Amino acid sequence: MVAITLPDGSVRQFEGPVTGTDIAENISKSLAKKALAVKVDGEVIDLFATIDRDAAVEIVTREHEDALDIIRHDTAHLLAQAVQELFPGTQVTIGPNIEDGFFYDFAREEPFSTDDLEKIEKRMGEIVDEARVTRREVWEREKAIAHFKEIGEHYKAEIIADLPEAEDVKIYFHGDWHDLCRGPHLPSTKHIGKAFKLMKVAGAYWRGDHRNPMLHRIYGTAWTSEKDLKAYLLRLEEAEKRDHRRLGREMDLFHFQPEAQGSVFWHPKGFLIWRALEAYIRRRLDDDGYREVKSPQLLDSKLWEKSGHWGKFRENMFVVPDEIPSTDDDAPVLSGEAALMALKPMNCPAHIQIFNQGIKSYRDLPIRMAEFGCCHRNEAHGALHGLMRVRQMTQDDAHIFCREDQIAEETVRFLNLFARVYEDMGMTDIAYKLATRPEQRAGDDATWDRAEKALGDALTAAGLKFEYAEGEGAFYGPKLEFHLTDAIGRTWQAGTYQLDYVLPERLDATYVDETGAKQRPVMLHRAVFGTFERFIGLLIEHYAGKLPFWLAPVQVVVATITSEANAYAENVLAQLRAAGLRAELDIRNEKINYKVREHSHGKIPVIAVVGAREAEEEKVSLRRLGEKQQEVASLEDAITALAADALAPDLREKA
RNA sequence: GCCGCAGUAGCUCAGUGGUAGAGCGCACCCUUGGUAAGGGUGAGGCCGGGAGUUCAAUUCUCCCCUGCGGCACCA
């Protein structure tokens, strides 16, 4: 006897083992029709799998929260079937689910074209109509390897060979087509439905390693209903409008051009955002005990050799020979023999040089040394991405030199600062990651153990949920990474906090302890925004260009209705500016409708409309972005209110 | 760096083996209009760069550059 408990709490008894199908049919015919899989004690399994013990069971239908994952993975199998039928000789590799869909990597000489995608999608639809029935077999490992080798599926054979010994080699059949898979799967291809779409083709290295062959990856999306699919596609379209590269152009914030690939030309409006951010974070740092420095842009390669960066990152550094270029047109410009310097890719070695001036006492620690450091990194071409990944970047960098017993306190202090800043920015959707020791690293394991534990403990103490990013730490120490998500769901590291025992050693930083003995300080690398470039990019996408009032490059546009009000408008502008507001004037010979529309598109937070009436009464009519209503206020009141709104969050706290 | 796609006016895009077009934007004129598009006229292009095929290339081929989507990388 098997007792099955249903979600409503009722219990049904069955003679001997049952399947999900049996249970569904036992409940109702219509449920059996809709059933996709079955959830047994929290684990989703195939409808045809046997249940031979008492269990809590849910029938998974399209409406069930677990349905989507199954449908997506079935769609990946569907894709693989269609591809192999249309392009014989193509090998399958892996095809996992991802956010909003799935991909499948294929090994084939010829890449897939956009036209191919259409054909494949059509074939997928046909296979759905064929309603190929799913069944599962468990194979002997050696037999499976031999079988897949024989049919030319060498990647599959490799995957099976690498499966953990304990794991069954499960082969799923959809009709004749079959694949190694963990499952579960839908009862037939018919159950997938047609709410799927192939999105794009891309290259991807086998096993994510650039030394391996490149496979052809097809990305797709799949949903439980056509409605959801449509909504998703619409969401993508909307997200495109938030793209900071697009908004940067539309709002006249910045541009890029080939002569400075990967470096930003900040336009006046864009740089106003930067200035507001910089002024804000500088005040926050001043208040938090940091002292700001400025270090050289070009430093001798010998320093980078000592720090270890030359060995590990030289290929990403801009190297400059320390010599006068030849003025002889027939001779090579550079001799190739000069000593080398490099544009700094980071500020830490320079900060240690400042630390090393004079003798530091334990009483001096912690020293919190900040710099808005402009760094250059020669990033791979394919890595560049708008403001998010650039070759010239300015970090809101700082290094804290402290004793080991001060790490915990400094970490709490930093997490507090970080939380306050992100709260002020309205960016509270943050993913916390603890990046642990990489394969190539400096320092001994005991030190790494201590350092990783210190960071994990700090996050836990702060009540922050985090995940581990195994092996992704810096070569000198583990990192806390603070990630934000862009408009289309890609995540980017913004803030960072890194523990470093190595650089102080390499660059011989010391302080004198209570006994007069020399000691190594610990170095904490940290950035709140990360870089101004990336953070501004993220801000723009987060707010879809509608930046908070205090950050908006143009806060108020004074727009006239008729030229009668021009003189008054000039007066309003002057007073707004005198109150510290970033205001502009629009006295063009255009209708007020036109001006309102244009400045709304320009994401100007406040339009101050003035006509003859306002001029007469010394008033302004304020219209806030996104609102239909205006409010009419006296000029004095309006300026007082707007000036208060324009205060940066830290200043508002103090006001 | 790797795979794929793309590059035509400031922007979005159409088009063609005989050197180009639209909408928006811009300039000028008319319009002085009360909160998301008033009307007219006009300027603006080495059709990404180089080479090849051709009587002729923006169009076809090759190479390069840049951009886009992924992958790899990210101190």
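The model shown is predicted, which means the values in this text are computed figures rather than measured ones. The chains referred to below are lettered A, B, ... by the order of the sequence lines, with proteins before strands, and numbering in each begins at 1. Side chains are part of it too, since the values below use all heavy atoms of this structure and drop only hydrogens, waters and symmetry mates.
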Please determine if a side-chain N or O atom of [X] lies less than 4.0 Å away from the OP1 or OP2 oxygen of [N].
{"X": "His381(A)", "N": "rG1(B)", "value": "yes"}
{"X": "Arg490(A)", "N": "rG70(B)", "value": "yes"}
{"X": "Lys479(A)", "N": "rA75(B)", "value": "yes"}
{"X": "His385(A)", "N": "rC74(B)", "value": "no"}
{"X": "Arg506(A)", "N": "rA75(B)", "value": "no"}
{"X": "Gln261(A)", "N": "rU66(B)", "value": "yes"}
{"X": "Arg624(A)", "N": "rU35(B)", "value": "no"}
{"X": "Tyr594(A)", "N": "rG25(B)", "value": "yes"}

Closest to the [X] side chain: [options]?
{"X": "Ala383(A)", "options": "rG70(B), rC73(B), rG34(B)", "result": "rC73(B)"}
{"X": "Ser621(A)", "options": "rG33(B), rC71(B), rG34(B)", "result": "rG34(B)"}
{"X": "Val596(A)", "options": "rC71(B), rU35(B), rG34(B)", "result": "rU35(B)"}
{"X": "Tyr476(A)", "options": "rA75(B), rA72(B), rU35(B)", "result": "rA75(B)"}

message = What I want to check is whether the side chains of Glu470(A) and Thr436(A) have a donor and an acceptor closer together than 3.5 Å.
response = yes

ask   = Are side-chain N/O atoms of His216(A) and Asp105(A) paired as donor and acceptor at under 3.5 Å?
value = no

Answer with base, sugar-phosphate or nothing: what part of the nucleic acid does [X] contact at a heavy-atom distance below 4.0 Å?
{"X": "Pro345(A)", "answer": "base"}
{"X": "Phe112(A)", "answer": "nothing"}
{"X": "Ala559(A)", "answer": "nothing"}
{"X": "Gly208(A)", "answer": "sugar-phosphate"}
{"X": "Gln498(A)", "answer": "sugar-phosphate"}
{"X": "Ile561(A)", "answer": "base"}
{"X": "Arg245(A)", "answer": "sugar-phosphate"}
{"X": "Phe103(A)", "answer": "nothing"}
{"X": "Ala202(A)", "answer": "base"}
{"X": "Arg623(A)", "answer": "base"}

Counterpart base for [N], defined by Watson-Crick or G-U wobble contacts under 3.5 Å:
{"N": "rG21(B)", "value": "rC13(B)"}
{"N": "rC2(B)", "value": "rG70(B)"}
{"N": "rA75(B)", "value": "none"}
{"N": "rA27(B)", "value": "rU41(B)"}
{"N": "rG34(B)", "value": "none"}
{"N": "rA51(B)", "value": "rU61(B)"}

Separation of [X] atom [atom1] from [N] atom [atom2], in whole Å?
{"X": "His216(A)", "N": "rA72(B)", "atom1": "NE2", "atom2": "P", "value": "16 Å"}
{"X": "Leu343(A)", "N": "rA75(B)", "atom1": "CG", "atom2": "C1'", "value": "15 Å"}
{"X": "Glu259(A)", "N": "rG67(B)", "atom1": "CD", "atom2": "C1'", "value": "14 Å"}

First of Ala380(A) and Gln257(A) reached from the 5' end of RNA chain B, by closest nucleotide = Ala380(A)

remark   = 5'-most contact on RNA chain B (nearest-nucleotide basis), Arg249(A) vs Phe313(A), goes to Arg249(A)

In whole angstrom, give me the gap between the [atom1] atoms of [N] and [M].
{"N": "rA36(B)", "M": "rC30(B)", "atom1": "C1'", "value": "24 Å"}
{"N": "rA75(B)", "M": "rG48(B)", "atom1": "C1'", "value": "35 Å"}
{"N": "rU35(B)", "M": "rG49(B)", "atom1": "P", "value": "48 Å"}
{"N": "rC11(B)", "M": "rC68(B)", "atom1": "P", "value": "14 Å"}

Lys/Arg N to Asp/Glu carboxylate O, [X] vs [Y], below 4.0 Å:
{"X": "Arg520(A)", "Y": "Asp508(A)", "result": "yes"}
{"X": "Lys603(A)", "Y": "Glu250(A)", "result": "no"}
{"X": "Arg526(A)", "Y": "Asp500(A)", "result": "no"}
{"X": "Glu379(A)", "Y": "Arg377(A)", "result": "no"}

inquiry  = Quick check for you: to the nearest 0.5 Å, what is the distance between Lys119(A) atom NZ and Asp116(A) atom CG?
reply    = 5.0 Å

inquiry  = I need the Ile120(A) CD1 to Ser113(A) OG distance, nearest 0.5 Å.
reply    = 8.0 Å

What about [X]: does its side chain form a donor-acceptor pair under 3.5 Å with the base of [N]?
{"X": "Arg314(A)", "N": "rA75(B)", "answer": "no"}
{"X": "Arg389(A)", "N": "rC74(B)", "answer": "yes"}
{"X": "Tyr205(A)", "N": "rG70(B)", "answer": "no"}
{"X": "Glu564(A)", "N": "rG33(B)", "answer": "no"}

